[in-house]
Amino acid sequence: QFPFGRRLPCDIYWHGVSFHDNDIFSGQVNKFPGMTEMVRKITLSRAVRTMQDLFPLEYNFYPRSWILPEEFPLFVDEVRMMKDSDPSWKPTFIVKPDGGCQGDGIYLIKDPSDIRLPGNIQSRPAVVQEYICKPLLVDKLKFDIRLYVLLKSLEPLEIYIAKDGLSRFCTEPYQEPTLKNLHQVFMHLTNYSLNIHSGNFIHSDNANTGSKRTFSSILCRLSSRGADIKKLWSDIISLVIKTIIALTPELKVYYQSDIPVGKPGPTCFQILGFDILLMKNLKPMLLEVNANPSMRIEHEQELSPGVFENVPSPVDEEVKVAVIRDTLRLVDPQKKKRKDIQQNIEFCKNKVNVRYNYFLCHRCQALEEVSGANAELQEAGAAAGAEQDPHRSPEPGLPSLCLKQVFPKYAKQFNYLRLVDRVAALFIRFLGVKGTTKLGPTGFRTFIRNCKLSNSNFSMASVDILYIDITRRWNSMGMDHKESGMCLQAFVEAFFCLAQKKYKSLPLHEQVASLIDFCEYHLAALDEKRLVCGRG
Ligand code: ADP
């Protein structure tokens with residue numbers, strides 16, 4: 001531990017809270033710049049909402065949400081309209097303060113008028129969300145799932161999911177929300193930090209019982225009841241990939257701002273905690289994403305009144321140790337070296353006939369000398385000799401990987417969703433000055449001009465008006481006053497506007513995809529022209 005910083009460069013930097021170093025020029029850091037901001041309740045809801053606008057069916061795993069204070073009138077109107085159209089609809093809503101955690105400040109309401117406006121609503125931004133009334137119950141209790149996800153790289157996108165997670169249980173039997181039980185947190189909120197204070201919390205040495213269990217134990221139970229576990233897993237994988245696809249555009253803007261291309265800097269990876277609720281019909285719903293999930297493997301136990309001791313928690317240990325160990329194995333800087341050696345050995349094996357075994361040994365020996373790492377070669381050799389199972393442990397004595405790659409493995413199924421990523425690439429191209437996250441009016445005009453979006457129906461004066469209108473509105477929502485200009489979300493809104501104008505009759509995602517193609521085509525042509533002129 002280096003609480004006051006460290007002078008010599010490291011291979012891997014493991015920070016406790018967030019990405020905050022400006023003086024790391026190499027190696028890998030376990031946090032992405034901007035991740036903490038991105039997974040706050042409001043930002044996450046906004047990012048998912050943008051995707052819901054484009055792909056409503058694909059993103060129906062996130063409860064309908066409204067952002068307070070600015071969408072309070074919209075919330076009231078929409079609820080009234082839905083109630084009018086279906087008088088039997090008796091919804092419940094959950095109000096969550098932005099930036100809160102561990103259930104802090106959360107409460108349930110039956111009607112928009114029940115929202116507590118502490119003096120000035122501006123003082124406490126929050127998300128209000130449709131409450132999932134029919135969760136899956138085990139032993140009559142509501143529970144949620146904490147899954148660990150490794151975002152190993154943003155560009156190219158690489159995602160791993162841990163094969164096991166935690167299930168955190170409520171400590172009072174669940175009943176659907178009524179005015180009488182709305183306030184009963186031990187019945188409705190699954191947070192460990194809350195339920196631990198209930199007299200009913202059961203610490204267990206056994207992964208199958210108690211108030212915190214492994215997710216695999218729940219799956220076993222569901223499987224014995226005949227549930228389709230394969231389908232559940234594939235729904236969960238799809239939820240995770242889609243959520244990360246919603247987050248990547250803005251993360252890339254943060255990334256280029258903190259670690260501009262061409263400047264020496266570290267690469268980043270990050271373990272995220274996904275909180276997921278299973279509905280009665282086994283559909284997984286995303287509750288939230290944690291940028292800094294707790295990795296504690298012990299809990300406090302009260303030995304005698306007022307006397308506490310930390311004791312190991314076998315369930316936490318089983319799940320979390322594997323996640324950290326495998327993360328380190330996957331980002332291991334020696335691994336690349338080993339991979340190169342292994343590829344060379346494979347090359348020898350494929351190209352050289354068995355009769356030339358003698359030669360093979362010598363080539364391997366030469367490689368060994370080049371790498372200067374005896375042990376590494378033995379491992380690589382062992383791995384090369386083994387069948388090509390990517391999850392098979394190349395490190396003798398270590399268990400097989402608990403982190404399973406899901407992206408790019410399933411990229412083909414999900415790449416069509418990455419439209420906002422491409423819009424973000426356009427945004428970043430026109431940001432101009434390195435290190436900024438907001439687009440100035442000149443950058444926006446250049447974007448319009450270079451992509452040939454202005455014409456007799458859409459003059460440059462209208463372009464300026466569009467820029468001013470959208471930028472002013474986003475800045476008045478007041479998330480970030482540090483820089484002036486157009487943030488990515490505002491640019492995305494402007495882009496959708498332009499797409500709707502240009503390709504009127506198509507569904508939104510096709511309008512947006514067509515406009516992206518159009519812009520990319522003109523920019524590629526421009527680049528080519530510049531290249532030719534440059535050569536000339
Ligand atoms: P926090 O960051 O404070 O833990 P969460 O969004 O995770 O906030 O919500 C806390 C708990 O409230 C969750 O663990 C879950 O049990 C419950 N919860 C949150 N959102 C919903 C929802 N839309 N429907 C049902 N239960 C919810």
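Whatever order the structure lists ligands and atoms in, that order sets their numbers, starting from 1.
- No close placement of the Y131 and F93 rings is indicated, their centers lying 6.0 Å or farther apart.
- Shown here is K83, whose NZ atom has more than 12 heavy atoms of other residues, nucleotides or ligands within 6.0 Å.
- Of all protein heavy atoms, the one closest to atom 20 (N) of ligand 1 is K96 NZ, 2.9 Å.
- Every atom of ligand 1 with a heavy atom of D144 under 4.0 Å away is listed here by number and element: 14 (O).
- Here I132 has heavy atoms under 4.0 Å from ligand 1 in both its backbone and its side chain.
- Ligand 1 has an N or O atom lying under 3.5 Å from an N or O atom of Q129, backbone or side chain.
- Atoms of ligand 1 found under 4.0 Å from any heavy atom of K41 (numbered from 1 in listed order, with element): 1 (P), 2 (O), 3 (O), 6 (O), 8 (O).
- The protein non-hydrogen atom at the shortest distance from atom 21 (C) of ligand 1 is L287 CD2, 3.5 Å.
- Taking all heavy atoms of V95, T190, V128 into account, the minimum distance to atom 16 (O) of ligand 1 is reached by T190.
- Classification of D235 and K283 as a salt-bridged pair fails, no side-chain N sitting under 4.0 Å from a carboxylate O.
- Between F186 and F201, the distance from one ring center to the other does not fall under 6.0 angstrom.
- Side-chain contact between M285 and Y62: absent, with no pair of heavy atoms (C-beta onward) separated by less than 4.5 Å.
- Distance from atom 10 (C) of ligand 1 to its nearest protein heavy atom, with residue and atom name: N191 OD1, 3.2 Å.
- Counting heavy-atom neighbours within 6.0 Å of R472 CZ, excluding the residue itself, gives a total of 12 or less.
- For atom 9 (O) of ligand 1, the closest non-hydrogen atom of the protein is I106 CD1, 3.6 Å.
- Neither the backbone nor the side chain of N290 comes within 4.0 Å of ligand 1, counting heavy atoms alone.
- Residue contact annotation: M285 has no non-hydrogen atom under 4.0 Å from ligand 1.
- Atom 26 (N) of ligand 1 has as its closest protein heavy atom K142 NZ, 2.9 Å.
- Ion pairing between a basic and an acidic side chain is recognised when a charged N comes within 4.0 Å of a carboxylate O; D164 and R213 show no such pairing.
- With ligand atoms numbered from 1 in the order given, ligand 1 contributes 23 (N) to contacts under 4.0 Å with heavy atoms of P63.
- In terms of protein heavy atoms, atom 18 (N) of ligand 1 is closest to I94 CD1, 3.6 Å.
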Could you walk me through whether W66 and Q129 satisfy the side-chain hydrogen bond (donor to acceptor under 3.5 Å, both in side chains) test, starting with their C-alpha distance in whole Å, then the side-chain angles of each, then the deciding distance to 0.1 Å, before giving a yes or no? CA-CA 6 Å; W66 295 265; Q129 203 168 65; over 6 Å; no
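- Selection from I145, L189, L277 by nearest heavy atom to atom 17 (C) of ligand 1 gives L189.
- By the 3.5 Å distance cut-off applied to N or O atoms, G103 is counted among the residues near ligand 1.
- Between E288 and K41 there is a salt bridge, with a side-chain nitrogen of the basic residue lying less than 4.0 Å from a carboxylate oxygen of the acidic one.
- Both the sub-6.0 Å distance and the 45° axial angle are not jointly satisfied by K140 relative to the ring of Y174.
- The nearest heavy-atom contact from the protein to atom 7 (O) of ligand 1 is E288 OE2, 3.2 Å.
- Counting the atoms of ligand 1 from 1 in the order shown, those under 4.0 Å from a heavy atom of G100 are 2 (O).
- Between E318 and K212, none of the side-chain N atoms (NZ, or NE/NH1/NH2) sits under 4.0 Å from a carboxylate O, so this pair counts as no salt bridge.
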